[in-house]
Amino acid sequence: MAAARASALCVVLLAVMAAGGASAQLSTGFYSSSCPGALGAVASVVQSAVANEPRMGASILRLFFHDCFVQGCDGSLLLDDTASFQGEKMATPNNGSVRGFEVIDAIKVAVEKICPGVVSCADVLAIAARDSVVALGGPNWAVKVGRRDSTTASFSGANNNIPPPTSGLANLTSLFAAQGLSQKDMVALSGSHTIGQARCTNFRAHVYNETNIDSGFAGTRRSGCPPNSGSGDNNLAPLDLQTPTAFENNYYKNLVAKKGLMHSDQELFNGGATDPLVQYYVSSQSAFFADFVEGMIKMGDISPLTGNNGEVRKNCRKIN
């Protein structure tokens, strides 16, 4: 009898564990009952922000990338520093560079009005990244949601996990692999540089010191980026010279023409293993879009907090 009771208890526990595991998975319909208006609320704010400043689409997409590469897609990047808490915003890849937090704040306010305490900041960022791509003419996809927000951040993780603009192909591949992303994912996701701008400090060495760059293009970029560090560091240049506010495959065409703005960009087409993929995306924008979407979904799956882990922040900038 005792053995039977023990066996029955074991079955119940396994069933509970299985149910818990299932409920902890991300899904595209996570808010379909608890907050059916969430997606529309996010899209409305993003569309307005991008219409007001097209660069903002790239900025929000970059926020998602920098968030997911540190502790997973948990909204940790959104947390402000306090006297007793060190966030990720002042880490080298982020300091003076990441932007768009006020748009995320506005989305959170809009979502809280219709569904208080339901939609996480991590999910707000994931949805907003997709909507930013769509607003600039890129592909659409169903975003998996159900993430919860972290109560921690990692300054060291931000410094170590996010690929710097000086990265070579091997380092880029390694940093993406550490997040479970393939070299194909890396090349496709790098296509996000078909929109947005970069600071002089991040492309100065490439345009002044390197030879795998079109000389005319280098000269154009030098005109707005003084050679000495500390002078004009924050001067901006478009990552895609032709259409910096349109999401398409021109980024790869630039690489083939040796017009990649940063060293890490041109490394994708520099006689290495990724050259054929770059050429493939030049010849097929639809292939780029399909692989970009696949990469974004995979990146969104990096170490999410689900179930009872983490929290749903009321304010994306601080822990409840």
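Just so you know, residue 1 is the first one in the sequence shown, and it goes up from there. Bear in mind the structure is a predicted one, so any value in this text is a computation, not a measurement.
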Q. Within 45 degrees of the axis of the six-membered ring of Phe101 and under 6.0 Å from its centre: does Lys89 put its NZ or CZ there?
A.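 Positive - Lys89 is close enough to the ring of Phe101 and near enough to its axis.
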
Q. Could you go step by step and tell me if Arg130 and Asn140 meet the side chain to side chain contact (heavy atoms under 4.5 Å, CB included) rule?
A. CA-CA 7 Å; Arg130 185 273 310 273; Asn140 200 346; 3.2 Å; yes

Q) Taking atom NZ of Lys258 and atom CG of Asp265, what is their separation to the nearest 0.5 Å? A)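 Those atoms lie 15.5 Å apart.
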
(Q) Let me confirm one number: the CG-CG distance from Leu236 to Asn234, rounded to the nearest 0.5 Å. (A)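 Separation between the atoms: 7.5 Å.
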
Q. Would Leu169 and Asn270 satisfy side chain to side chain contact (heavy atoms under 4.5 Å, CB included), going step by step from the backbone distance to the final call?
A. CA-CA 9 Å; Leu169 184 59; Asn270 195 34; over 6 Å; no

[Y] and [X] side chains, donor-acceptor separation under 3.5 Å:
X: Ser284; Y: Ser286; answer: yes
X: Glu210; Y: His263; answer: yes
X: Ser174; Y: Asn171; answer: no
X: Ser76; Y: Glu88; answer: yes
X: Thr194; Y: Glu248; answer: yes
X: Arg313; Y: Asn320; answer: no

Q.
Please report whether the ring centroid of Tyr251 lies less than 6.0 Å from that of Phe288.
A.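 Not under 6.0 Å, so no.
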
Q.
Are Phe69 and Phe176 an aromatic pair, judged by ring center distance below 6.0 Å?
A.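 They qualify: ring centres under 6.0 Å apart.
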
Distance-minimising heavy-atom pair for [X] and [Y]:
X: Ile213; Y: Ala218; result: CD1-CB, 3.9 Å
X: Gly146; Y: Leu26; result: C-CD2, 3.6 Å
X: Pro139; Y: Val134; result: O-CG2, 3.4 Å
X: Ala237; Y: Arg221; result: CB-NE, 3.4 Å
X: Ile195; Y: Gly57; result: CD1-C, 4.4 Å
X: Asn202; Y: Pro165; result: OD1-CG, 3.5 Å

Q. Do the non-hydrogen side-chain atoms of Val133 and Phe292 ever get within less than 4.5 Å of each other?
A.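 The answer is yes; the side chains approach within 4.5 Å.
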
Q.
Would Arg62 and Ser97 count as a side chain to side chain contact (heavy atoms under 4.5 Å, CB included) here? Give the steps.
A. CA-CA 10 Å; Arg62 187 161 178 256; Ser97 178; 2.7 Å; yes

(Q) Quick check on side-chain contact (heavy atoms from CB on, under 4.5 Å): which of Leu172, Leu277, Asp275 does Leu268 satisfy it with? (A)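 It is Leu172; the other options fail the test.
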
Q: Could you tell me whether Arg199 and Asp233 have a side-chain N and a carboxylate O separated by less than 4.0 Å?
A: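 Judged by the 4.0 Å cut-off on N to carboxylate O distance, Arg199 and Asp233 do not form a salt bridge.
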
Q | Passing option when Arg147 is tested against Asp301, Asp123, Asp67 for salt bridge (Lys or Arg N to Asp or Glu O under 4.0 Å) | A |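 Of all the options given, the one that passes is Asp123.
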
Q. With under 30° as parallel and over 60° as perpendicular, where do the rings of Phe289 and Phe247 fit, or are they tilted in between?
A.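 Ring orientation of Phe289 relative to Phe247: tilted.
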
